**Student:** 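My questions will all concern the structure given below.
We count residues from 1, following the sequence as given. Quick caveat, the model's predicted, so the values are computed rather than measured.
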Amino acid sequence: MKEIGNVSLLGILIIVSISCSNSMSVKSPDGSNCIALELNEKGTLYYSIQSHGIKAINKSLMGMNIGDPALNFNSGLSFVNAKESAIDETYSLPTGKTSRYINKANESVYTFKNKDNRELKVVCRAYDDGIAFRYVVESPGSITITKENTRFLIPQNTTSWMMDYVPQYENFYPKRLLDTIGVRPLSFPALMQIENKLWMLLTEASVYDQPATHIKKTNSGNELAIELPEDRYSVTSKWESPWRTFILGTKLATIVESVMVENLNPPSAVKDISWIKPGVAVFPWWGNYMANSYIDTLKRYVDMAAEMHWKWIEFDVSLVGSPLRTSKLWETTTWLPEFTAYAKSKGINVYGWDEINVLKTTEGREHVYGRYLDLGIKGIKIDYIDSDKQYAMCFRRDAMRDALSKKMMVSFHGETMPHGQRRTYPNVMTLEGVRGAEYYTFNVKGPSPEHNCTLPFTRNVVGPMDYTPVTFTIRPENPRKTTYAHELALGIIFESGWMVMADRPDAYLNSPAKEILQKFETTWDETHFIDGYPGEFVCMARRKGNKWFIAGINAAKERRVNIPLSFIREGSIAIKIYEDKPGEEMTNLNIRNEKVTKGNTLSVNMMENGGFCTVID
């Protein structure tokens, strides 16, 4: 580790403009990304970010408001030193876009002192695919944060895709010129295109004992500010802010393929992850709100899962006798052991469902988790959290930790977006935080083709997404606009440790796509973005072992996609392409047989709102 600097550097730093050549700058290993810090004449701290020679973030304010006046770091700062280091590690997780996570970055920790001789550290990391920084403050007692003053000054004429903020993150990502958005709360992750050359996904990572934050458009041009979901919060002894995270690249592939959010989290809390078994799941509730109340109905879903070669069923245990909110009837329902034994006999694992009001205490979790284990239930979906506040984030941490100690897997619904927590708690299979297929069962606006074609560039970049896809059945209360092939492709386009297939048994057992559905995977050794544009179309390839799953979805006018197959194995390979059937209804599918080789380019037509998929093995 290298240490540089002393207080006398302040005079130099004041007159040096923000650039990647000043004394407080960190460059990525390949030199493409850089963050630079600067103190002005009042001792106020600013930062800027440059990527591939383009300003991604113009000179922007840093700082925070802390209740203790001695911990005022908004002015009067002086530079103390910088400690430089390199991060270079590889690790594995049981879920995700890849089986091999590479965490490689240059890091500098900058220390400043205020007028009361108290220290602020700013940790800056520069990756080849982005930049991140966080604040660190230590104090003998508690530290109360009332505001984070971080700003993001975005260049003018930037195109954006981001949600208007809602606590459960079930909203749309409209395409908007950032300059035209008025003062309003907005959400991470926020995708932007700067100067029509540079892509940036703005988000946050590593949030466990403090609130998750969102952003707000200020009245100062293209400036965004950090917003807390509550007036204040406190931590003990040491405050490490969430990582302010900027995924950056000149190509959308850099955004889609990034695992930077996971890399910014602490290592796994356990060494043995062999018991963690992701997989395709079936979801009775989507087809019938009361399905979880009847053992015969549940058995039909188990039989379907077994025939489809899928591995899980979501049995919403506390919805026995209830369509939407938790009920205690399951505690006295006598057929539960019979059902879980039946599922086990068919090779199907079971995970359950309950809500935060039941699980918010240690005693509540001990009771439910314990009963689940007695019944042979191996995981739980936790619902109705609907908050970014500190209590909710601490609850999630405790729920993950307690489940990990009992070797149980976890899903969260009514949920904020992922912050990379599956690295620390690899038992986390998936999170909602998305307007998914459950909205087809409500009489409100459901997912649109444009929405589906935006999610791979926004929400699904930062972690697993429980959209509950592949809903072939057209619900009369809220009919979909996507084609059959589009729906089929979602099972490959979207990433989730539990890929929860929402439709009814007949929809899959009688599907013309049954053969490829039986091959579906949920975890990947590699992910390659092939082509696309947010809100219009996306095409990607994912590898599992020797198999390549290739899929595309479309929202704009009919288009032809060309896919060079340089990544497949040698030899002539017979494949089936599941694609749109021109001139037919949305319920129809065309299956085309082809032979391909490594040197071929695969061409597929996608109808408006259409899609395709294939497997090459």
**Student:** Please list, chain by chain and in numerical order, all residues satisfying salt bridge (Lys or Arg N to Asp or Glu O under 4.0 Å) with E230, sequence neighbours excluded.
**Tutor:**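 E230 satisfies salt bridge (Lys or Arg N to Asp or Glu O under 4.0 Å) with no residue once adjacent residues are dropped.
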
**Student:** Filter on salt bridge (charged side-chain N to carboxylate O under 4.0 Å, His left out), then keep only pairs touching residues 373-394, sequence neighbours left out; what's left?
**Tutor:**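 Matches after skipping sequence neighbours: E314-K381.
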
**Student:** Y508 and ring-ring contact (aromatic ring centres under 6.0 Å, His included): which partner among W310, F283, Y301?
**Tutor:**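 That would be W310.
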
**Student:** Between the side chains of T144 and S234, is a donor N or O closer than 3.5 angstrom to an acceptor N or O?
**Tutor:**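 Yes, a side-chain donor-acceptor pair sits under 3.5 Å.
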
**Student:** According to side chain to side chain donor-acceptor pair (under 3.5 Å), does anything in residues 261-271 pair up with another residue at least two apart or in another chain? List the pairs.
**Tutor:**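 Listed by first then second residue: Y91-N263, Y208-N265, E262-R422.
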
**Student:** Indicate yes or no for a side-chain donor-acceptor contact from S241 to the backbone of Y135 under 3.5 Å, with no hydrogens or angles considered.
**Tutor:**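 A pair under 3.5 Å: yes.
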
**Student:** Which residue, Y165, F188, Y169, forms the ring-ring contact (aromatic ring centres under 6.0 Å, His included) with H214?
**Tutor:**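 For H214, the ring-ring contact (aromatic ring centres under 6.0 Å, His included) test succeeds with only one of Y165, F188, Y169, which is Y165.
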
**Student:** Indicate yes or no for a side-chain donor-acceptor contact from T146 to the backbone of N65 under 3.5 Å, with no hydrogens or angles considered.
**Tutor:**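 Yes, T146 side chain to N65 backbone: donor-acceptor pair under 3.5 Å.
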
**Student:** Taking atom types as modelled and ignoring hydrogens, do the side chains of E355 and T326 form a donor-acceptor contact shorter than 3.5 angstrom?
**Tutor:**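 The criterion, which ignores hydrogens and geometry beyond distance, is not satisfied for T326 and E355.
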
**Student:** Ring centroid separation for F442 and Y439, is it under 6.0 angstrom?
**Tutor:**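 Yes, they do, as the ring centres are separated by less than 6.0 Å.
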
**Student:** Heavy-atom count check: over 12 atoms from other residues, nucleotides or ligands less than 6.0 Å from R325 CZ?
**Tutor:**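 Yes, the 6.0 Å shell around CZ holds more than 12 heavy atoms from other groups.
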
**Student:** Looking at every heavy atom in both S511 and F472, which two are closest together, and how far apart are they?
**Tutor:**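 Where S511 meets F472 most closely, the heavy atoms are OG-CE1, 3.9 Å.
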
**Student:** Determine whether the aromatic ring centres of F549 and W524 lie less than 6.0 Å apart.
**Tutor:**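 When the ring centroids of F549 and W524 are compared, they turn out to be within the sub-6.0 Å range.
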
**Student:** Whether E204 and R244 form a salt bridge (side-chain N of Lys/Arg under 4.0 Å from carboxylate O of Asp/Glu) is what I want to check.
**Tutor:**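 Counted as a salt bridge, because a side-chain N and a carboxylate O are separated by less than 4.0 Å.
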
